[in-house]
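Structure, as structure tokens:
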Amino acid sequence: MNELSIILLVEDNPDDAELIKYAFQKVGIRNPLVIVTDGDAAVDYIGRTGVYADREGLPLPELILLDLKLPRRSGFEVLSFVRQHETARHTPVVVLTSSDQEKDICRSYEGGANSFLVKPIGRDGLIDMARALKAYWINLNHGVAL
Amino acid sequence: MSEAGKSEPELLRQHTVFAQFGELALRSDNLDEILTESCRLVGEGLGTDLAKVVELQDDGKTLLVRAGVGWKPGVVGKATIKLEDDTSEGYALKSGKPMTSSNIETETRFRYPPFLIENGAKAVVNVIIIGGKDRPPYGLLQVDSREPREFTESDTAFLSGYANLLAATVDRFRLIQEVREREAGERHALEIKVAERTAELAASNAQLDAFAYTVSHDLRAPLRAMEGFARILLDDYAAALGDSGGRYAERIVGASMRMEGLIDALLGYSRLRRQEPAARLVDPTPIVRRAVEEVQASLERPIAIDVATPLPSVMAEPIVLGQVLVNLIGNAAKFQRDGVPVQVTVRAEHRAGRVRIWVEDNGLGIAPEHQERIFNVFERLHGDETYPGTGIGLAIVREGMALMGGRAGVESDPREGSRFWIEFADTAQLAMANDDSVKPQS
């Protein structure tokens, strides 16, 4: 990923979205962050449908941060859509949820998630997590060129 | 000739029939066998090979040939007789008196069913088989003859005697059958009840799981926001907040941390109910100390908590025991009496081979009628404004102790305070088994 690569954050809770944005700023992640607040919007953004239908020039995200419990389409459905999408199917998907339930973890990996993170309680935990995301997924990891 | 004009051989034959019936009725557990054999025996007693038992059906108007000997196929179990006034069967049932016809062909009083004539019956005698107490007659014992025959009073007396014995046997079978049906019904009802209870339990466990999931998922989200934004204020906007502003923001952080604690307690309880921790011999002293520290840290100012050390080793799982103790000591510290300095004591005693740890306070105490109730989930005695809590603390205590093979209870006098106790599984066997491993290696 380079500094212009888009990160898509699928998060319905505006507080969580705001805190993640804050943590990204704190640790110096400068990539454009697109925030969609439900599963349908995530599918529309990646599939160029709905409100994103005529946005031909819109680049696809190179990292997707995905909450599981979402209005309309669930995180699992979004994941399944991404993995079947012609171009986006190799895009790293990091599940970022408040659930630490075993069945959610299993279902996420079975659906093709690349990582499973539980939203930390506390600002410090969140900043640590953002720092690690930056170091690994943005700086170290190589994705398939879009 | 003797006894009502019977010949010696006839008398002997009839006595033998009674003896054989007695033996049969005791031996057999099959009513059809008894009935069929009875037909053969009474035929033998009266010197004929044609006899039957007809059973009065529930409609009260039909007789079914239930058993018989000497009949062509299609009669036994199938042929029926409609009870009407002009049948000898109807008359016998109604009057309860034996009815005889010496020659069916010349009989003018009664009509006879066609199968009787088709089977070559020429003469017939009917005696009633009475029912049990307060019950309609069972039916009739009928002996037929292939030749016209004058049945004597002695014949009907023999037959009536036999029919009465048969009636007693038939009634015994009916009673047994009734008891069996009632037992089967009760067993069935019990099985249904057990299945219902099992389903209810599974449903309540599933509800608890769903509840725990919702709690972990949905209650934590606003908590993250409270804590997160308050800390951002403290870190990045300290100057703008000023001293009091900063203190208030710290209060928000503190409150969200407490709420996190409550959520953890709830999840802990629901997990407790699903798992089975392996209890082992542990020294409870450091666990008690940690619990005391945790409780003290949660209070605005420290209180007097005495731990009477050393505490004997107990059968426990350290994390579960920690949860249990934090809840007990926390309760002791919480439910204070106004104007009385709090004093909490933790001590242990041996009780019939088991270790009991007491957590005693001088607080509010619990009225006897509430002492059992308080161990239930979500059971609370006080409003949230006076004594905040989740209502699951003591449920964790009881559930946790049960999981470790122990139990929990309380003794309380509302004037003096409460004495909660937890009792652990017997350590004697394990202590002996572990002795070797405790010895220093040479």
Side-chain angles (χ1 to χ4, degrees), chain A residues 9-29 33 35 37-39 65-72 74-76 78 95-108 116-133, chain B residues 205-238 240-241 245-246 248-276 297-298 319:
Chain A
L9 173 64
V10 190
E11 173 59 71
D12 67 315
N13 184 330
D15 290 336
D16 280 348
E18 189 67 33
L19 286 169
I20 289 166
K21 219 158 81 180
Y22 170 86
F24 277 20
Q25 272 166 19
K26 273 271 161 187
V27 303
I29 297 176
L33 185 67
I35 301 176
T37 56
D38 64 65
L65 301 176
L66 181 64
D67 193 7
L68 291 180
K69 214 174 169 193
L70 294 168
R72 295 183 243 280
S74 78
F76 294 117
V78 173
V95 172
L96 184 55
T97 173
S98 49
S99 165
D100 58 354
Q101 305 273 315
E102 195 65 27
K103 61 172 199 255
D104 287 344
I105 299 173
C106 288
R107 232 180 123 188
S108 296
F116 190 102
L117 299 175
V118 177
K119 286 175 186 167
I121 297 260
R123 190 204 68 139
D124 297 348
L126 195 64
I127 287 175
D128 287 347
M129 193 195 73
R131 196 173 283 126
L133 271 176
Chain B
N205 272 341
Q207 253 170 17
L208 202 68
D209 282 0
F211 179 70
Y213 185 80
T214 307
V215 165
S216 70
H217 233 268
D218 297 349
L219 292 195
R220 278 203 162 116
L223 201 58
R224 276 195 305 274
M226 284 163 60
E227 198 271 355
F229 289 119
R231 272 208 207 275
I232 289 171
L233 285 178
L234 282 167
D235 283 9
D236 299 2
Y237 300 88
L241 284 176
Y248 293 149
E250 270 162 18
R251 296 287 279 264
I252 297 174
V253 172
S256 43
M257 297 307 266
R258 275 199 301 285
M259 173 128 178
E260 170 68 8
L262 295 180
I263 290 174
D264 278 347
L266 261 180
L267 289 176
Y269 176 70
S270 86
R271 262 197 294 274
L272 209 57
R273 284 177 58 100
R274 277 177 283 168
Q275 74 181 18
E276 220 162 308
S298 71
I319 291 169

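These values consider heavy atoms only, across backbone and side chains, with no hydrogens, waters or symmetry-generated copies. Convention: sequence-line order gives letters A, B, ...; per-chain numbering from 1.
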- Task: Flag yes if more than 12 heavy atoms outside A:K69 fall under 6.0 Å of its NZ atom; otherwise flag no.
- Result: yes
- Message: Please find the pair of heavy atoms, one from A:N13 and one from B:A221, that lie closest to each other, and give the distance.
- Response: ND2-CB, 3.5 Å
- Message: Can you tell me if A:L117 has over 12 outside heavy atoms packed within less than 6.0 Å of its CG?
- Response: yes
- Hey, which of A:D15, A:T97, A:L126 has the most heavy atom pairs under 4.5 Å with chain B? A:D15
- Kindly give the heavy-atom pair with the smallest separation between B:R224 and A:S98, and that separation in Å. NH1-CB, 3.3 Å
- Message: Check this for me, if you would: do B:D236 and A:K26 make a salt bridge, where the nitrogen-to-carboxylate-oxygen distance has to be below 4.0 angstrom?
- Response: yes
- B:M257 CE: over 12 foreign heavy atoms closer than 6.0 Å: no
- Under 4.5 Å from a heavy atom of chain B, the part of A:D104 involved: side chain
- Item | Under the side-chain hydrogen bond (donor to acceptor under 3.5 Å, both in side chains) test, residues paired with B:R231 that sit two or more places apart | B:E227
